[in-house]
Amino acid sequence: PRKPHTPAHTPPAIQHSSTATTMADEDLREVFLAFCAFGDRANGGRMDGAKFAKFCRETKIKSKAVSSTEIDITFARVKAGGRQINYDQFIAALRHLATRRFPKKDEDAAFAALKKLIAKSQGPATTGATVADTSGVYSKFTDESGYTGAHAARFADVPKHAGNAAVDAAVARAEALEAEARAAFAKYDTNRSSTIEEAELTALLADFGFDTADVHNEYEAAGGHGDGIDFEHFVTYFNKLKARKHGKARRARKAGGDVKLEEGEAPPPAESVQQVFLRFCAFGGNTGAKVMDNKTFAKLCKDTRLVHKKNKRFTTTDVDLIFAKVKAKGKRKITFSEFETALSAIAAKLYPKLGSEEALHNVEDQIIAGGGPSSSGTKAMKGGIVGHLTDTSQYTGAHKARFDKDGHGRGAAGRRSNDKVGDLSQITRANLN
């Protein structure tokens with residue numbers, strides 16, 4: 001009899017070398033590679049966010065204890081600026097999720113229990129897949145290849161189900177870092193070899209303010225060999241170099257300097273909610289400040305995307321009400337302890353269906369992912385009615401006298417007149433009888 005036909009796109013079932021209750025490292029790697037190759041047989045062992053989410057769903061890692069948001073944030077944390085993760089990053093993500101999935105176990109026991117779940121998997125499932133509509137108006141509206149600008153950036157490497165503000169913030173941050181690394185790569189790859197050579201790395205280190213005497217060791221640490229540093233290794237190294245630059249800036253602040261973010265520069269990574277809180281307190285030149293006013297609290301909520309247009313559960317009105325509720329009577333600013341109370345109130349607003357601890361954990365992760373206050377800079381408008389009204393070259397009479405030829409104000413000198421009036425005839429018309 002003929003053997004049943006197997007569709008070409010269906011991955012083979014994974015054969016584990018042990019029982020369903022245990023899983024060896026080689027079997028776990030086999031599962032990882034099977035999900036990497038799902039829909040892309042040429043994949044050499046790199047997993048994107050969508051496949052990682054699929055893996056977590058089908059191996060039952062996703063549960064009441066581990067939400068989709070937790071999975072997406074974990075992926076964003078371990079991918080280190082890239083768009084995909086390798087096997088080592090995959091293991092790091094699993095170890096973190098294991099402690100969430102089995103909170104009563106220690107890390108090793110939790111990881112062992114998680115591998116038992118994974119051992120039951122037979123590889124990525126293909127049944128029940130949703131077929132997208134490929135015709136009509138709906139297809140045109142949902143064709144991501146036709147999106148431009150900010151809309152296109154939202155779908156560059158975002159899983160289809162991602163929509164939570166915490167995920168948006170983490171993904172936006174990762175994309176900004178990669179875009180910055182790509183621009184730096186293009187700038188310093190002066191010979192257009194598609195790699196960064198040692199001499200080109202020297203220029204980068206010098207521009208970042210680092211000593212170039214030990215450039216050879218830096219070159220090797222960045223993954224440089226005889227053929228240079230490729231883009232993937234450069235992204236990882238560039239992000240680490242930025243972190244070192246920010247560390248240098250923090251030390252300068254402690255020494256009394258006032259180091260600010262450059263225009264459009266993303267804040268450095270944060271390690272705790274308190275660190276983000278203090279960064280916002282110090283924003284605007286308030287070095288060393290440890291209390292936060294209402295305006296800064298509102299900026300924190302906006303910069304970390306706790307407040308955004310698509311979220312109707314938590315608005316700017318809620319921000320003001322919560323701030324007024326947690327601050328001490330007669331005070332205009334809140335301490336970190338009061339800020340923590342405010343976060344609990346925000347969590348209840350944003351995640352009414354979750355437990356208080358899980359909701360608070362989601363809010364804290366989102367704040368940490370934000371890193372700190374953004375500094376986009378304010379630019380004067382050019383052109384249009386504003387440009388016309390502020391074009392000093394078009395001023396006449398007394399208004400013209402108040403500005404020099406370059407358009408700069410002359411101050412008091414522009415308001416004085418050297419002509420002295422000695423007689424009324426000097427300021428009245430003649431022959432008015």
Report task. Any chance you could measure L354, atom CG, to T69, atom OG1, to the nearest 0.5 Å? Result -> 8.0 Å
Query - Side-chain donor or acceptor of K79 paired with backbone N/O of R83 under 3.5 Å - result: no
Query raised in the report: When the ring planes of F339 and F277 are compared, do they come out parallel, tilted or perpendicular, using 30° and 60° as the limits?
Result: tilted
Query raised in the report: How far does CD1 of I118 sit from SG of C56, to the nearest 0.5 angstrom?
Result: 8.0 Å
Query raised in the report: So, is the end of the K299 side chain (NZ or CZ) under 6.0 Å from the ring centre of F280 and within 45° of the ring's axis?
Result: no
Query raised in the report: Are F32 and F55 close enough, and set up right, to give a ring-ring contact (aromatic ring centres under 6.0 Å, His included), and what steps lead you there?
Result: CA-CA 9 Å; F32 169 76; F55 164 80; 8.5 Å; no
Query raised in the report: For the atom pair CZ (F35) and CE (M47), what is the distance rounded to the nearest 0.5 Å?
Result: 7.0 Å
Report summary line: Here the pair of heavy atoms bringing E364 nearest to L343 is CG-CD1, 4.4 Å
Query raised in the report: Is a side-chain N or O of T202 found less than 3.5 angstrom from the main chain of E198, in a donor-acceptor match?
Result: yes
Query raised in the report: Looking at CG of D320 and SG of C301, how far apart are the two atoms once the value is rounded to the nearest 0.5 Å?
Result: 9.5 Å
Query - side-chain contact (heavy atoms from CB on, under 4.5 Å) evaluation trace for I73 with N362 - result: CA-CA 9 Å; I73 291 177; N362 286 346; 5.6 Å; no
Query raised in the report: E338 side chain to K327 main-chain N or O, any donor-acceptor pair under 3.5 Å?
Result: no
Query raised in the report: Strictly by modelled atom types, are R101 and H96 linked by a side-chain donor-acceptor pair under 3.5 Å?
Result: no
Requested in this report: Answer yes or no: is there a side-chain heavy-atom contact under 4.5 Å between T315 and V307?
Outcome: no
Requested in this report: Give the intermediate values and the outcome of salt bridge (charged side-chain N to carboxylate O under 4.0 Å, His left out) for residues R77 and D365.
Outcome: CA-CA 10 Å; R77 280 179 171 175; D365 277 347; 2.9 Å; yes
Report task. Find the distance between CD1 (I229) and OG (S194) and round it off to the nearest 0.5 Å. Result -> 13.5 Å
Query raised in the report: Hey, what do you get for CG (N86) to CD (E232), rounding to the nearest 0.5 Å?
Result: 8.0 Å
Query raised in the report: Do the charged groups of E58 and K120 touch, with an N to O distance under 4.0 Å?
Result: no
Requested in this report: Using distance alone, with no hydrogens and no angle criterion, decide if T195 and S193 have a side-chain donor and acceptor under 3.5 Å apart.
Outcome: yes
Query raised in the report: According to the interplanar angle, ranging from 0 to 90°, do the rings of F185 and F231 count as parallel (below 30°), tilted (30 to 60°) or perpendicular (above 60°)?
Result: perpendicular
Query raised in the report: So, do V363 and Y351 sit near enough that their side-chain heavy atoms are less than 4.5 Å apart?
Result: yes
**Report entry** Distance flag, aromatic centroids of F111 and F102, threshold under 6.0 Å
**Finding:** no
Requested in this report: Check for a donor-acceptor pair, side chain of K51 on one end and backbone N or O of F38 on the other, with a separation under 3.5 Å.
Outcome: yes
Query raised in the report: Are T190 and E200 close enough that a side-chain donor and a side-chain acceptor fall under 3.5 Å?
Result: yes
Requested in this report: Taking E358 for its side chain and G355 for its backbone only, find out whether a donor-acceptor pair lies under 3.5 Å.
Outcome: no
Query raised in the report: Cut-off 3.5 Å, side chains only: do T296 and D293 have a donor facing an acceptor?
Result: yes
Report task. Assess the side chains of E197 and Y219: does a donor N or O sit below 3.5 Å from an acceptor N or O? Result -> no
**Report entry** Side chain proximity check, L204 to I196, heavy atoms < 4.5 angstrom
**Finding:** no
Query raised in the report: Taking R95 for the side chain and A110 for the main chain, is one N or O donor matched with an acceptor at less than 3.5 Å?
Result: no
Requested in this report: Using a 4.5 Å cut-off on heavy atoms from C-beta on, say whether the side chain of K62 contacts that of R57.
Outcome: yes
**Report entry** Heavy-atom side-chain contact between E218 and L201 under 4.5 Å
**Finding:** yes
Report task. Inspect the surroundings of CZ in R192 and state if more than 12 heavy atoms from other residues, nucleotides or ligands are less than 6.0 Å away. Result -> yes
Report task. May I ask you to decide whether D318 forms a salt bridge with R313, counting only side-chain N to carboxylate O separations under 4.0 Å? Result -> no
Query raised in the report: Between the main-chain N or O of G371 and the side-chain N or O of R279, is there a donor-acceptor pair closer than 3.5 Å?
Result: yes
